[in-house]
Amino acid sequence: MEEQTRSNFIKDFINIDIKENKNGGKIVTRFPPEPNGYLHIGHAKSIALNFGLAKEFNGVCHLRMDDTNPSKEDVEYIESIQEDIKWLGFDWGTNFFFASDYFETLYGYAIELIKAGKAYVCDLSPEEMRLYRGTLVEAGKESPYRNRTVEENLDLFQKMKNGEFPNGTRVLRAKIDMSSPNLNLRDPIIYRIQHTHHHRTGDSWCIYPMYDFAHPLSDAIEKITHSICTLEFEDHRPLYDWFVNNIETPGDPRQIEFARLNLNYTVMSKRKLLELVQKKYVVGWDDPRMPTISGLRRRGYTPEAIRNFCDAIGVAKSNSTVDVALLEHFVREDLNTKAPRVMAVLNPIKVVIDNYPENQVEYFEGEYHPDFPEIGSREVAFSKEIFIEREDFEENPPKKYFRLAPGQEVRLKYAYYITCTHVVKNDTGEIIEVHCSYDPESKGAKTADGRKVKGTIHWVSASHSKNVEVRLYEHLFTCPNPGEERDYKDDLNPTSLTTISAKIEENLANSTHFQFLRNGYFCIDSKDSTSEKPIFNRVVSLKSSYKPE
RNA sequence: AGGGGCGUCGUCAAGUGGUAAGACACUGGAUUUUGAUUCCAGCAUUCGUAGGUUCGAAUCCUGCCGCCCCUGCCA
């Protein structure tokens, strides 16, 4: 199973840097989430990339909370982020940081820029600043405050820090080039006034650094060597480099951009995910239909499946949308080897075996896994009345229907062969009972004559099964690209969750994940399930090559 | 006076001048007490396009075409 870790353009860059002995050949990456939401599968790609690179090149990967905007951030998110990364199987060791840890240093860096004549306090209002910025095709105009003296800037910046000005009245800007075709270089804001309580620094600051300033410098402080981010920051790289080059810092990080993950039939933006949670379209961040790590975990996805998926999708620079079928493939692949097989009937119809003795109960051994007998087996009770899936009986079967039909013989997994003799219907013509006869010679679901029975179906004994709640999930959205043609919420799938009552065999294996034979992979809901009232989530269905004509 | 990126199979994606990997999906077929799993086979004469350089081009050059990102005191 040893797999060649595949190459990508980032590894190529790193290999060149190592060859040139940049940073003494050391590799330090970082995963820098803003604690303003829960992590999702797209973050998993970045996490796997950053931690994976560190591991492959014998380096380390830091976890850094990018908490420079207290108005949007919350400690709840800080906790969930750590939990999710750990659950995915990655370890930052002792390298857990906060951008807010660097506020004092960052402030000093700003002073350094002011003293060098490379930053100034600007009094333009937000609207004025927008006007002065110019447009995509026209140069901007220089701020009238651009040429204040160093002393005046120092004094004003000090007053900003001291809380002497209200929000929005002044900012600190880098003095770069108002006519740059790259808008990011038109004297970007590096500090804004925001009288907001910060979840870590409390009320000690009322000015907060902007991402473009805080990020490269935080990287430099931590001596990050390779700062990997998504494509939309490509335009910011010259600014990233400007700060690193114009300020005396411990490190010399380099920014590399890659394409973020998109998945079809879902949305990935934090804004949309937040809205789904806040407006109760889903039950929470960990709703099993959400593409969040906590949602996938509750749905029954395993860390291995997610990691294998991240390895498989690759890392490149072209915008792309990965098919969810690939994610589903990796859970099936993982659960196939791990999940004990068990029988549950999701849509029951009663079968009465007329020639089976009343009150008789037999127990058949059912292996938990056909490929790994060592994981054991259990005894499954069999009796005169059983339940099978409604879809496993057809009064007028199509061609190549291998299941139960009038006069047709079928194998009951582990038990006997049965043949349908007749059906009982109610007043409205609905079949309420299927009557069968069984072949006593087929005990153990095989016969000495070697006769072929093409179909094998699963079942539960009516009096030896219990009712459980099962939650069936489908894609959260009905179309591959939600929001492409209208508001994304209008593309929400009304049947993304179906709750049903199912019949399941009595004594379940001691496991969280199961394969319900012929149905799919299921897991116990970690939040709502109790021993009195078990609840199962369908992780993913089994593949099926059955297609009725 | 616009700038920055990206175009290789239905979807991802290797390929770095020597004659198109792999995965998912899909289609056949074998085995099967899960129409699952497993196994085997098929699936880009061509790399957005048009020219050029070369013995040889997905890879180099030029021109077109298409798509994405950038005018928050968000990250």
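To find a chain, count down the sequence lines: A is the first, B the second, and so on, and within it residues start at 1. Here the structure is a predicted model, which is why all the values come from computation and not from measurement.
- Taking atom P on both nucleotides, B/rA20 is separated from B/rC43 by 14 Å, rounded to a whole Å.
- Of the C1' atoms belonging to B/rG72 and B/rC64, the separation is 36 Å, rounded to the nearest Å.
- Mapping A/Ala139 and A/Gln515 onto RNA chain B by nearest heavy atom places A/Ala139 at the nucleotide closer to the 5' end.
- Ion pair A/Asp66/A/Arg30 not flagged as a salt bridge, since none of the NZ, NE, NH1 or NH2 atoms sits closer than 4.0 Å to an Asp/Glu carboxylate oxygen.
- With B/rC12, B/rC24, B/rU16 as the choices, the nucleotide that has an atom nearest any side-chain atom of A/Ala325 turns out to be B/rC24.
- Judged by the 6.0 Å distance and 45° axis criteria, A/Lys161 is positioned over the aromatic ring of A/Trp205.
- The same atom, P, is picked in B/rG63 and in B/rG4; the two are 14 Å apart, to the nearest Å.
- A salt bridge links A/Glu409 to A/Arg451: one of the charged nitrogens lies within less than 4.0 Å of a carboxylate oxygen.
- For B/rC6, the paired nucleotide is B/rG66, the pair qualifying as Watson-Crick or G-U wobble because both relevant distances are below 3.5 Å.
- The CD-P distance, from A/Glu389 to B/rG35, rounds to 12 Å in whole Å.
- Heavy atoms of A/Tyr132 sit nowhere under 4.0 angstrom from any nucleic acid atom.
- For the ring-ring contact (aromatic ring centres under 6.0 Å, His included) with A/Tyr107, the qualifying choice from A/Tyr208, A/Phe213, A/Phe157 is A/Phe157, the only one to do so.
- Using the Watson-Crick or G-U wobble rule with both distances under 3.5 Å, B/rU38 pairs with B/rA30.
- Residue A/Ser179 has no polar side-chain atom (N or O) positioned under 4.0 Å from OP1 or OP2 of B/rA1.
- Ring geometry for A/Phe516 versus A/Phe522: interplanar angle under 30°, hence parallel rather than tilted (30 to 60°).
- The side chain of A/His329 approaches B/rC24 more closely than any other nucleotide in the set B/rU34, B/rU32, B/rC24.
- Note on A/Ile313: only backbone sugar-phosphate atoms sit closer than 4.0 angstrom, heavy atoms only; bases stay farther off.
- In this structure, A/Phe9 places its CZ atom 12 Å from P of B/rG5, rounding to the nearest Å.
- With a cut-off of 3.5 Å on both Watson-Crick or G-U wobble distances, the partner of B/rA23 is given as B/rU11.
- In summary, A/Lys338 and A/Glu304 engage in a salt bridge, as defined by a charged side-chain N under 4.0 Å from a carboxylate O.
- Nucleotides B/rU11 and B/rC26 have their C1' atoms positioned 11 Å apart, rounded to a whole Å.
- A gap of 16 Å separates the P atoms of B/rG48 and B/rU16, to the nearest Å.
- When heavy atoms are screened at a 4.0 angstrom cut-off, A/Val315 is found touching the sugar-phosphate backbone but no base atom.
- The pair A/Arg260-A/Glu232 counts as a salt bridge, with a side-chain nitrogen and a carboxylate oxygen less than 4.0 angstrom apart.
- Contact annotation for A/Arg186: base contact, defined as any heavy-atom pair under 4.0 Å involving a base atom.
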Subject >> Per-nucleotide protein contact string for nucleotides 64-75 of chain B, where B marks a base within reach and S marks sugar-phosphate only (heavy atoms under 4.0 Å, - for neither) >> reply: ----SBBBSBSB
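- The listed nucleotides are B/rA13, B/rA25, B/rC24; the one nearest the side chain of A/Lys543 is B/rA25.
- B/rG42 shows a glycosidic angle more than 90° from 0 and is accordingly assigned anti.
- A distance of about 24 Å separates the C1' atoms of B/rC12 and B/rU49, rounded to the whole Å.
- The CD atom of A/Glu257 sits 19 Å away from the P atom of B/rG3 (whole-angstrom rounding).
- Mapping A/Lys547 and A/Ser320 onto RNA chain B by nearest heavy atom places A/Ser320 at the nucleotide closer to the 5' end.
- A salt bridge does not link A/Arg403 with A/Glu389: every distance from a Lys NZ or Arg NE/NH1/NH2 to an Asp or Glu carboxylate oxygen is 4.0 Å or more.
- Nucleotides B/rC60 and B/rC67, compared at atom C1', are 25 Å apart to the nearest Å.
- Look at B/rU46: it lacks any Watson-Crick or wobble partner with both distances under 3.5 angstrom.
- Using a cutoff of 4.0 Å between basic side-chain nitrogens and carboxylate oxygens, A/Asp101 and A/Arg64 are not scored as salt-bridged.
- For A/Arg403 and B/rG35, a side-chain-to-base donor-acceptor distance below 3.5 Å is present, hydrogens and geometry of angles not being considered.
- Across the C1' atoms, B/rG56 and B/rC68 are found 35 Å apart, a figure rounded to whole Å.
- Heavy atoms of A/Lys413 sit under 4.0 angstrom from at least one base atom.
- Residue A/Glu234 is in sugar-phosphate contact alone, with no base atom involved, counting any heavy-atom pair closer than 4.0 Å across all strands shown.
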